[in-house]
Amino acid sequence: MNDFILPDIGEGIVECELLEWLVSEGDLIEEDQPVAEVMTDKATVQIPAMHSGKVTKLYYKAGDIAKVHEPLFALDGGSESGQGKIQSDSEQQHKSEELIQPAHASSKQEQGIQTQSTEAIDFILPDIGEGIIECEIVKWLVQEGDTVAEDQAVVEVMTDKALVEIPAKYSGVISQLYYQQGEIAKVHNPLYSLVTSEGSQASQPRSVNSNKISEPQSTTPKVGQTTSAKRKALASPAVRRLARENSLDITCVLGSGKKGRVLKDDITAHLNKNNQPQTLQNAVTNEDAASQDSHENKVETIRGIKAKMAKQMTDSVFSIPHFSVSDEIEMDNLMKVRSDLKQEFENKGTKLSLMPFFIKSLSLALKQFPIINSQVNQQCTEITYFKQHNIGIAVDSKLGLLVPNIKGVENLSLFEIAQEVERLVGLARQGKLSSNDLKGGTISISNVGVIGGTTATPVINKPESAIVALGKIQRLPRFDLNDKVIPVNIMHISWSGDHRIIDGATMLKFSNLWKSYLENPISMLTDLS
């Protein structure tokens with residue numbers, strides 16, 4: 001029986017919440033099979049099995065807090081060869097721990113530490129998300145020969161889901177970068193090598209019994225003071241990024257959060273106290289474009305989010321027979337309701353746009369037309385009707401088109417939907433959405449109007465069966481009941497549906513019901529449960 005040690009799963013993350021076990025004790029599992037879903041302060045991540053075998057023990061229950069570098073579950077390899085492989089990999093996984101033995105370790109161990117401190121250590125690119133086996137090197141934040149500190153950001157990489165910073169595991173000198181900017185790095189392969197110095201944290205004992213530790217000093221560092229033996233700060237990646245943007249040593253900031261965790265407010269307070277102005281974010285420059293001749297064509301490889309979107313859209317268009325339905329909606333009544341509620345929502349800390357109304361009314365219409373919230377299997381032999389209305393919203397992020405979805409809209413209030421819209425759009429634009437936010441959608445909304453579009457023919461977000469595009473609101477002349485011309489706020493909508501399971505008449509009836517809710521918002525009250 002061998003313990004699976006929970007690895008580093010993000011910059012500065014020392015613990016995570018165990019959301020759900022995907023296996024049970026006694027289950028036989030395969031290598032790379034997801035075993036547990038955990039949540040950090042940055043993302044929801046699935047932890048895969050490193051080897052095949054039988055799960056003999058789960059060390060945590062759902063809801064417990066699991067610690068990095070401590071056992072997560074136990075696995076029986078099933079054979080001596082399998083166990084030997086697990087043990088070999090476990091020894092490699094704990095190689096770093098041999099560098100931090102207590103000061104009273106044997107002379108042989110101390111000699112091993114000293115030898116290791118002068119050797120180059122390969123940093124192995126860890127699992128960085130569900131099913132991700134490679135990533136693109138977006139930008140090296142260091143160069144060969146640079147001295148780096150533990151937890152310092154070394155490189156920015158882009159997966160098909162997010163932009164991620166990879167931190168240094170130890171202090172030392174970068175001896176080699178194995179990839180160039182724009183190349184594809186493989187998970188479980190070396191990313192760079194690092195020579196740890198004898199004074200680095202990687203080679204220094206961390207035990208409190210070390211006779212090298214001096215008498216206790218004040219835990220509050222003086223302004224401008226630097227120390228050679230710094231404490232490791234607990235902080236989220238966003239807080240560490242804020243500190244780096246302001247050239248601030250985060251170990252000098254006294255954290256006010258749980259267990260001394262440094263919060264954004266702590267960074268701001270520290271900067272204000274020392275009259276250090278916050279710096280603007282560095283403008284993103286394209287050195288390759290600047291070096292090119294102005295008359296030369298530019299060729300770039302399609303990777304990351306763009307590549308995934310290209311594959312997804314091509315697959316959707318060529319495997320789903322699309323058909324379109326268009327209409328226009330009078331928005332005056334809805335705009336007035338939104339104006340009446342706007343201040344109340346802002347008093348509660350949430351902005352109210354029109355999108356939450358579109359989402360909630362869509363969910364109410366789906367209750368009467370469940371076929372629109374269904375999906376057909378690959379062979380087109382079965383239809384699955386989803387009880388949950390997981391409504392996606394297309395966001396034009398810096399990484400490309402992302403479609404996070406709000407789970408269980410049928411059970412959410414307008415205020416709760418507004419909160420989710422604000423959260424998802426904010427994370428999407430930063431490239432920080434979790435895999436859970438991106439998976440499980442049942443129907444999507446694309447708001448082309450926010451960037452000036454009037455009409456569009458949207459492509460279905462496969463495997464969903466329908467998507468609607470919202471145009472910009474225009475004040476246009478229309479006739480009233482007395483044939484008088486009046487100004488009306490009009491929004492054009494365009495539906496695309498999967499013609500294998502949805503016919504035109506059904507889509508029109510569904511769209512008309514949704515339209516009635518939006519044109520007469522008070523009518524939604526009759527169908528609210």
Under 3.5 Å, is there a donor on one side chain and an acceptor on the other for [X] and [Y]?
X	Y	result
Glu464	Ser444	yes
Thr268	Asp265	no
Asn436	Ser434	no

**OP:** May I have the step-by-step check of ring pair (Phe, Tyr, Trp, His ring centres under 6.0 Å) for Tyr192 and Tyr178, ending in yes or no?
**Re:** CA-CA 5 Å; Tyr192 63 89; Tyr178 291 119; 8.3 Å; no

Ignoring hydrogens, what is the shortest heavy-atom contact between [X] and [Y]? Give both atom names and the distance.
X	Y	value
Ser193	Asp122	CB-OD1, 3.3 Å
Ala168	Val148	CB-CG2, 4.1 Å
Glu144	Gln176	OE2-CA, 3.5 Å
Gly145	Val173	O-CG1, 3.6 Å

Point-to-point distance, once rounded to the nearest 0.5 Å, from [atom1] of [X] to [atom2] of [Y]:
X	Y	atom1	atom2	value
His389	Ile372	NE2	CD1	11.0 Å
Met313	Asn461	CE	CG	5.5 Å
Asn447	Asp396	CG	CG	11.5 Å
Asp27	Leu22	CG	CG	10.5 Å
Ile406	Ile391	CD1	CD1	7.5 Å
Glu134	Glu183	CD	CD	12.5 Å

Any side-chain heavy-atom pair of [X] and [Y] under 4.5 Å:
X	Y	value
Ile174	Leu177	yes
Tyr385	Ile383	yes
Ile137	Leu191	yes
Ile467	Ile445	no
Ile166	Leu125	yes
Ile5	Val68	no
Gln181	Val138	no
Ile393	Ile359	yes

**OP:** Quick one: do Lys61 and Glu20 satisfy salt bridge (Lys or Arg N to Asp or Glu O under 4.0 Å)? Show the steps, please.
**Re:** CA-CA 8 Å; Lys61 297 180 181 179; Glu20 180 185 5; over 6 Å; no

Subject >> From CA spacing to verdict: side-chain contact (heavy atoms from CB on, under 4.5 Å), Val395, Val403 >> reply: CA-CA 6 Å; Val395 182; Val403 190; over 6 Å; no

Side-chain donor or acceptor of [X] paired with backbone N/O of [Y] under 3.5 Å:
X	Y	answer
Lys360	Leu412	yes
Ser316	Val459	no
His322	Ile320	yes
Asn390	Gly408	yes
Glu70	Lys67	no
Glu420	Ile417	no
Thr56	Ala74	yes
Gln430	Gly426	yes
Gln312	Lys462	yes
Ser496	Pro458	yes

Subject >> Crowding at CZ, Arg423 (>12 non-hydrogen neighbours, <6.0 Å) >> reply: yes

Do the side chains of [X] and [Y] get close enough for a salt bridge, i.e. N-O under 4.0 angstrom?
X	Y	result
Lys139	Glu156	no
Lys54	Glu30	no
Lys57	Asp3	no

Subject >> Chi angles and distances behind the side-chain contact (heavy atoms from CB on, under 4.5 Å) call for Ile29, Leu75 >> reply: CA-CA 9 Å; Ile29 59 176; Leu75 184 70; 3.7 Å; yes

**OP:** Show the numbers, then the answer: is there a side-chain contact (heavy atoms from CB on, under 4.5 Å) between Ile121 and Phe123?
**Re:** CA-CA 6 Å; Ile121 300 174; Phe123 176 88; over 6 Å; no

**OP:** Show your working on side-chain contact (heavy atoms from CB on, under 4.5 Å) between Ile267 and Leu248 and close with a plain yes or no.
**Re:** CA-CA 8 Å; Ile267 298 290; Leu248 176 62; 4.0 Å; yes

